[in-house]
Amino acid sequence: MNKLVFTFSLIFATLNSPMLLANATEAMDAYLNQDYQKAFELYEQTASLGHSKSQFNLGVQYLRGQGVKQNKLTAYAYFSLALDNGFMMAKQARKSVIKRLSESELQQAQKHAAKLIALYGQTGSKNIEIALTKNHSYNPPPKRSKNPEIEYPSSLARDGIPGFASYIFDIDRNGVPRDLVLLSSYPEKEFGESVLEKLENSRYQIIKISGSLRKFTNAQFSGVFKGGDIPAETLERINNKKKSLYAKARSGDITAQAELANLIELMSDQPDYAVALAKSEVEANNMPEQALLSDDAQPAFKYNSDINDDFYNFSYLIWLGKDGKVSRYETHNHSEIPTVLKQNAEVTINDWQLKFAKPQKVMEIQGPYLAKFFYNNSKRNKSFSNYINRSHVSLKSITNRSKYEIASYWRKEAAKGGHEPSLFLLGANCNMRLLKIAANSGYAPAQTQAAKCIMRMSDPTEEDINNAKYWLVSSSQGESIIAKRLLAEFYTKHSNNQKELESAIILAEEVTDETDDPRAYEYMAAASAKLGKFEDAVDYQETAVKKAWQENFFMAPFELNLANFQSNKIAVW
């Protein structure tokens, strides 16, 4: 074995760990089992997310001709791509390839590398980092009208075990949380059960806009459980766990990366926000004094038809003078945003008059601070109140940490490697770029959520509708009651096919056996009406109305459809 091949084999063997999901680690398993074709196909998927190790390994396969026709120029391009994404071992590999290329071949390889970097590099248009800038990151739910206490699970509280849990859910027009979906419960499931109980008993203020009551979609809530002092024995176990996870995460284990993100998030006592800054951006080790952003400093923003219908997240580092005015600023984690938004943000920054929490302590320039901007330029959906949030800016005091000590870094690394729960967690608020990846990998929660997002679109494409149907059929094969109810809803609203309408009734019956959900009774009624069975439709809808009243649903739609079925008309949605 020559030196080059031996070095590559060593990197392959040490940078990944076995796992069951279709991701970069499964690709490694396929490679080690000499199933090079499968390895190549899997690496292509995660390389397109910006996963540097997958990009490197594709370069190796192109160089060796394993699972793909040998191509030294493409190998050079993938090594360059991996290097752009921070995989430093690719530097020596690329040097070895350069020695084998003529001057004209090198020029061709460099052009190919530039194209790949533009797509999948650190700031490439298809990198997960860019996908995250399209998140609906500012999505505050209505205030609570009923806010029960959250209970620390007694067995875990007794041992001082900290934890957290988070859910995503909808709020109906009566202020009741519906369709609660667990996003994470760490490190024990009991934390999730406790948060669930709180949310089920919570109520939210009803929002009325232009005379109409509005629902709220994709609300999120997290509960954090921590005692005053964590017992020394528990703290030692946590620190040992962190060391173990850290070693595995650095080696490329995406499961460890995801859990390390959870652990850092749980144990973090950051003053406000942790970022990894270059040394040139840090002027002092001391934390800047807390600065306050007044309400009138919010950026003005109006819908502009010249801007793509999308969400935009970007940030600036800013430094403040003693007078609370911005002395200088620079971009931080910018993607390609419309020029008008950038100009608007910078006008806003220059106009700021900020206040210090303790002005007497401010003797010199303070900073850097992180100014995080969010713009919602999506088309308004008249059914949902969270489309009223069009712009937001927050000012964060930051602490400079190594990227390896920041939870979001490891979460994104796991997602880039194809870790489906991480992709789901990052994309849950209808970030279709991320949800589609997890859904197409067969991850049932992502399939259900992605379909739900499509069904709420004001103008879904035919491809979107077909995807929603495919994902719901897949996810409803399991135990997800929400997926079954959504598939029944999909057939009822979108199909006139007898077999699918009959399937809707069967699926809805399965739901009612478990939850007695009035929406499921309504889908049985609506499907029956489409099949011409209006007597059955009336019977089902009368039950739906009764159950809706008992479960505190907004009654008007149920009563309207009962009247429709009694008049031999199909449902109105």
Side-chain angles (χ1 to χ4, degrees), residues 17 144 147-168 180-202 220-251 253-277 285-290 357 370 394 396-415 419 421-422 424-426 428:
S17 303
R144 287 192 182 88
N147 188 19
E149 291 292 324
I150 192 167
E151 183 177 345
Y152 202 139
S154 56
S155 60
L156 301 171
R158 184 176 57 249
D159 296 329
I161 297 173
F164 69 86
S166 58
Y167 279 83
I168 188 168
L180 287 88
V181 175
L182 180 67
L183 292 174
S184 59
S185 183
Y186 183 81
E188 303 293 342
K189 66 178 183 180
E190 285 84 355
F191 292 118
E193 293 168 355
S194 183
V195 171
L196 176 63
E197 184 177 355
K198 171 188 171 62
L199 289 174
E200 286 178 334
N201 291 289
S202 295
Q220 292 192 37
F221 176 82
S222 296
V224 180
F225 303 80
K226 276 187 182 181
D229 291 309
I230 299 175
E233 184 179 345
T234 300
L235 193 58
E236 183 180 4
R237 287 200 302 268
I238 291 172
N239 288 331
N240 289 337
K241 179 72 170 178
K242 183 179 178 182
K243 289 178 183 177
S244 174
L245 288 172
Y246 187 77
K248 293 177 181 178
R250 287 291 300 269
S251 74
D253 185 328
I254 59 177
T255 307
Q257 290 170 347
E259 186 174 358
L260 181 58
N262 285 337
L263 189 57
I264 292 174
E265 186 177 330
L266 173 62
M267 300 305 295
S268 175
D269 290 317
Q270 308 293 352
D272 206 336
Y273 197 80
V275 297
L277 301 176
N285 291 325
N286 296 330
M287 285 289 298
E289 291 299 320
Q290 183 184 12
L370 188 69
S394 61
K396 303 287 187 180
S397 298
I398 61 176
T399 181
N400 191 35
R401 295 291 176 96
S402 162
K403 65 183 180 182
Y404 302 122
E405 293 296 323
I406 300 175
S408 61
Y409 169 78
W410 290 115
R411 183 89 60 210
K412 286 184 282 190
E413 285 300 296
H419 187 254
S422 294
F424 173 57
L425 189 61
L426 291 173

side-chain contact (heavy atoms from CB on, under 4.5 Å) between L196 and L182, intermediate numbers included
CA-CA 8 Å; L196 176 63; L182 180 67; over 6 Å; no
For Y167, all residues meeting ring pair (Phe, Tyr, Trp, His ring centres under 6.0 Å), sequence neighbours excluded:
none
If you round to the nearest 0.5 Å, how far is OG1 of T255 from NZ of K248?
9.5 Å
Residues at least two apart in sequence or cross-chain that pass side-chain hydrogen bond (donor to acceptor under 3.5 Å, both in side chains) with S202, listed by chain then number, are none
Which residues pass the salt bridge (Lys or Arg N to Asp or Glu O under 4.0 Å) test with K403, not counting sequence neighbours?
none
Between OG on residue S422 and CG on residue N262, distance to nearest 0.5 Å:
8.0 Å
Atom CG of N240: over 12 foreign heavy atoms under 6.0 Å
yes
Straight-line distance of L263 CG to S268 OG, nearest 0.5 Å:
10.5 Å
The criterion is side-chain hydrogen bond (donor to acceptor under 3.5 Å, both in side chains); which residues satisfy it with R144, sequence neighbours excluded?
Y204
Residues two or more places apart in sequence or in another chain: which of them pass side chain to side chain contact (heavy atoms under 4.5 Å, CB included) with L425?
L183, R411
Could you tell me which residues satisfy side-chain hydrogen bond (donor to acceptor under 3.5 Å, both in side chains) with S194, sequence neighbours excluded, listed by chain and number?
none
Minimum heavy-atom distance A165-V195, with the two atoms named
CB-CG2, 3.8 Å
Side-chain donor-acceptor pairs of residues 148-156 under 3.5 Å, sequence neighbours excluded:
{"unit_1": "Y152", "atom_1": "OH", "unit_2": "I161", "atom_2": "O", "d": "2.5"}

Applied to residues 182-198, the salt bridge (charged side-chain N to carboxylate O under 4.0 Å, His left out) test, sequence neighbours excluded, yields none
Quick one: which residue pairs count as a salt bridge (charged side-chain N to carboxylate O under 4.0 Å, His left out) with a foot in residues 234-243, not counting sequence neighbours?
E233-R237, K241-E259, K242-E405
Taking all non-hydrogen atoms of both residues into account, name the closest pair between P187 and F191 and its distance.
CD-CE1, 3.5 Å
Working to the nearest 0.5 angstrom, can you tell me the gap between F221 CZ and L180 CG?
11.0 Å
Mind checking the CD-OG spacing from E289 to S397? Nearest 0.5 Å is all I need.
9.0 Å
Just by modelled atom types, is the L266 backbone N or O under 3.5 Å from a matching donor or acceptor in the K226 side chain?
yes
Which heavy atom of G160 sits nearest a heavy atom of I230, and at what distance?
O-CG2, 3.7 Å
Minimum side-chain heavy-atom gap S166-Q220 below 4.5 Å:
no
Taking Q257 for the side chain and A249 for the main chain, is one N or O donor matched with an acceptor at less than 3.5 Å?
yes
For D159, which residues count as a side-chain hydrogen bond (donor to acceptor under 3.5 Å, both in side chains) partner, sequence neighbours excluded?
none
Using the benzene-type ring in the case of Trp, are the ring centres of Y404 and Y409 under 6.0 Å apart?
yes
